[in-house]
There are 2 protein chains.
Amino acid sequence: MVGIFQFKPYTCPSKGWVGLRTDGQLRTIGSKGETTERVLREAGVRLIARHGFEAMSLRMLAKEVGVQAGSLYNYFDNKQDFLFDLLASIIRDLVDELLEKLAGIEDPRDRLRAFVQEHINFHTLRKEEVFIGNMELRSLSPAHHREIRSMRDDYEKVLEDIIRDGVEAGYFKCADIGTAKLAILAMLTGVSTWYRPSGRHTIVTLIEQYVEFTFGLLHAQDHVQEGSRVSHREPS
Amino acid sequence: MVGIFQFKPYTCPSKGWVGLRTDGQLRTIGSKGETTERVLREAGVRLIARHGFEAMSLRMLAKEVGVQAGSLYNYFDNKQDFLFDLLASIIRDLVDELLEKLAGIEDPRDRLRAFVQEHINFHTLRKEEVFIGNMELRSLSPAHHREIRSMRDDYEKVLEDIIRDGVEAGYFKCADIGTAKLAILAMLTGVSTWYRPSGRHTIVTLIEQYVEFTFGLLHAQDHVQEGSRVSHREPS
DNA sequence: CCTACCGATCGGTAGG
DNA sequence: CCTACCGATCGGTAGG
């Protein structure tokens with residue numbers, strides 16, 4: 001019974017939507033899909049940080065995004081995939097920014113200083129993302145967990161190599177490189193748990209202090225190098 | 001209409017229960033209340049660590065304890081109070097153990113060493129409790145949050161005083177005592193996120209390494225003192 | 001992108 | 001300590 005006058009108030013399953021709402025209003029979506037995707041990501045980070053992943057309902061998420069719960073399934077296959085995509089993109093950003101930052105720097109002391117800068121910058125500017133990245137590995141399926149874990153290992157490996165190079169060159173001293181790596185990472189990451197833009201210190205100052213701590217921890221001599229200026233970005 | 005033959009298969013609202021179950025079996029509880037309380041606490045810690053507080057349902061909790069969901073309300077007034085009692089008892093244990101450990105120790109270097117020992121001992125032996133203690137402050141009501149926050153401040157203050165005393169005595173060197181305190185705490189607490197009893201190092205070895213890191217971070221000279229033997233307890 | 005719905009489960013309470 | 005229940009909400013799907 002499909003006639004030529006059939007009314008189809010909805011269209012196109014892939015992103016180009018024209019929907020008819022309960023209130024009778026016609027809703028034109030157009031290219032809003034990409035915007036929704038960004039808003040969805042930001043709302044997801046915020047809600048997971050506040051409630052935990054399991055406790056974040058898709059209804060909360062849908063409301064923040066301005067969409068019905070069922071419609072979220074146009075953006076992911078299920079809740080678990082949404083978490084994985086979120087966590088993967090965070091760690092990918094972290095690794096990418098680090099490699100970009102370290103490119104061309106040779107001296108282990110300079111590389112260590114750059115690592116501290118980059119790690120603190122990222123962990124203060126994107127603290128909610130860091131928080132869920134450290135917290136919600138527990139909510140990943142085993143396969144997804146392994147994948148994220150492996151990306152984190154890549155990141156940690158960069159620091160481990162820096163320390164090893166520095167030790168072999170005689171700049172650093174520590175009994176166990178693996179433990180030193182974990183100690184430094186935890187120390188630096190900790191900033192993200194208490195940092196507030198309105199706090200006592202600017203990010204630049206904090207970076208200077210943590211560079212000092214890190215070099216002290218590794219019993220580094222004369223660690224004040226040429227070109228040790230600190231670069232940073234203020235939070236938005 | 002209460003006759004002398006009235007059958008009351010349940011009794012005593014406070015802890016001395018004799019219940020009649022669906023299967024017709026008579027269940028005598030007697031003094032089991034205290035056991036249940038301990039099991040409840042342990043199950044709560046485990047489930048909150050695994051799922052997050054909001055996502056831990058009282059049905060999960062009841063099943064682990066071997067009780068019906070409604071019966072949990074004999075042990076707390078509501079879910080929020082349960083969380084608060086749990087977190088408060090954890091931080092109380094931490095502070096109590098620390099003060100006991102530090103009692104009678106005078107030299108700031110010895111006190112710092114003892115602090116590192118105690119913090120790592122607690123954070124490896126009770127890692128799930130530490131995890132929820134750091135994670136689920138977000139799920140507390142504002143009043144409860146303030147109360148826990150204040151207990152944590154007491155704990156952190158002990159380390160801050162140790163550092164200040166050491167700096168004034170000329171043993172330690174750092175640009176900012178507040179930041180140094182936070183850096184050391186995060187570094188030590190980090191052990192709880194990756195420590196496994198089957199790992200490469202024993203707790204004793206880890207403590208030695210972290211003492212070294214901590215003294216290095218504070219640029220301490222000749223930190224190997226007499227009586228610097230490391231004490232510890234192995235996990236159960 | 002929406003409506004309408006599925007079976008399951010939620011924190012909490014009444015009453016015994 | 002139990003049974004039985006409250007209204008609300010869950011992740012996900014069908015169909016358009």
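Numbered from 1 within each chain, the chains take letters A, B, ... in sequence-line order.
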K.L.:
Quick one: which of D:dG12, C:dG12, D:dC1 gets closest to the side chain of B:Asn78?
P.N.:
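Given the options D:dG12, C:dG12, D:dC1, the side chain of B:Asn78 is closest to C:dG12.
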K.L.:
Do side-chain atoms of B:Lys79 reach the backbone of B:Glu54 as a donor and acceptor pair under 3.5 angstrom?
P.N.:
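The answer is yes, because a donor-acceptor pair under 3.5 Å joins these two groups.
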K.L.:
Starting the side chain at C-beta, find the nucleotide from D:dC2, C:dC1, D:dC1 nearest to A:Thr36.
P.N.:
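From the listed options, C:dC1 comes nearest.
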K.L.:
Tell me the partner of C:dA14, counting only Watson-Crick (N1-N3 plus N6-O4 or O6-N4) or G-U wobble (N1-O2 and O6-N3) with both under 3.5 Å; none if nothing fits.
P.N.:
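The base-pairing partner of C:dA14, which may sit in any strand shown, is D:dT3.
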K.L.:
To the nearest angstrom, how far is B:Phe76 atom CZ from D:dC1 atom P?
P.N.:
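Result: 12 Å.
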K.L.:
Ignoring hydrogens and geometry beyond distance, is a side-chain donor-acceptor pair present between B:Ser139 and B:Glu136 at under 3.5 Å?
P.N.:
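Per modelled atom types, B:Ser139 and B:Glu136 side chains form a pair under 3.5 Å.
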K.L.:
Mind calculating the distance between CG (B:Leu72) and P (C:dG11) to the nearest angstrom?
P.N.:
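From B:Leu72 CG to C:dG11 P: 10 Å.
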K.L.:
Check this for me, if you would: do B:Arg149 and B:Asp153 make a salt bridge, where the nitrogen-to-carboxylate-oxygen distance has to be below 4.0 angstrom?
P.N.:
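Result for this pair is yes, salt bridge flagged.
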K.L.:
Between A:Ala69 and B:Gly70, who's closer to the 5' end of DNA chain D by nearest nucleotide?
P.N.:
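Here B:Gly70 is the residue nearer the 5' end.
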K.L.:
Could you check which of D:dC1, C:dG11, D:dG12 has an atom nearest any side-chain atom of B:Asn74?
P.N.:
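Within the option list, the nearest is D:dC1.
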K.L.:
Once you apply a heavy-atom cut-off of 4.0 Å, does B:Met60 come out as touching a base, just sugar-phosphate, or nothing?
P.N.:
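Result for B:Met60 = nothing.
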K.L.:
Between P on C:dC10 and CZ on B:Phe82, what's the gap in Å once rounded to a whole number?
P.N.:
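That distance rounds to 15 Å.
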K.L.:
Kindly give the heavy-atom pair with the smallest separation between B:His51 and B:Met60, and that separation in Å.
P.N.:
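Nearest pair, atom of B:His51 first, then B:Met60: CD2-SD, 3.8 Å.
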K.L.:
In whole Å, I'd like the distance from the NZ atom of B:Lys63 to the C1' atom of D:dC1.
P.N.:
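Answer to the nearest Å: 18 Å.
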K.L.:
Over how many whole Å does the gap from B:Gln68 atom CD to C:dG11 atom C1' extend?
P.N.:
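Those two atoms, CD and C1', are 15 Å apart.
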K.L.:
Side chain of B:Tyr75 only, heavy atoms from C-beta on: which candidate in D:dG11, C:dC1, D:dC1 is closest?
P.N.:
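Nearest listed nucleotide: D:dC1.
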K.L.:
Have a look at B:Ser57 and say if it touches a base, only the backbone sugar-phosphate, or nothing, with a 4.0 Å heavy-atom cut-off.
P.N.:
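Result for B:Ser57 = sugar-phosphate.
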K.L.:
Starting at atom CD of A:Glu54, determine the distance to atom C1' of C:dG11, rounded to an integer number of angstrom.
P.N.:
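So the CD-C1' distance, A:Glu54 to C:dG11, works out to 16 Å.
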K.L.:
Looking at C:dG11, D:dC1, C:dC1, which one has an atom nearest to any side-chain atom of B:Leu58?
P.N.:
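For the B:Leu58 side chain, the nearest candidate turns out to be C:dG11.
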K.L.:
Can you tell me how far P of C:dG11 sits from NE2 of A:His51, to the nearest Å?
P.N.:
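Checked: the NE2 to P distance equals 15 Å.
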K.L.:
Less than 4.0 angstrom between a side-chain N/O of A:Tyr73 and OP1 or OP2 of D:dG11, yes or no?
P.N.:
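So the side-chain polar atoms of A:Tyr73 never come under 4.0 Å of the phosphate oxygens OP1 or OP2 of D:dG11.
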K.L.:
Going by heavy atoms in the side chains, are A:His119 and A:Tyr155 under 4.5 Å from each other?
P.N.:
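Result yes, sub-4.5 Å side-chain heavy-atom pair found.
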K.L.:
Could you tell me how far apart A:Asp77 (CG) and D:dG11 (C1') are, to the nearest whole angstrom?
P.N.:
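Rounded to the whole Å, the gap is 14 Å.
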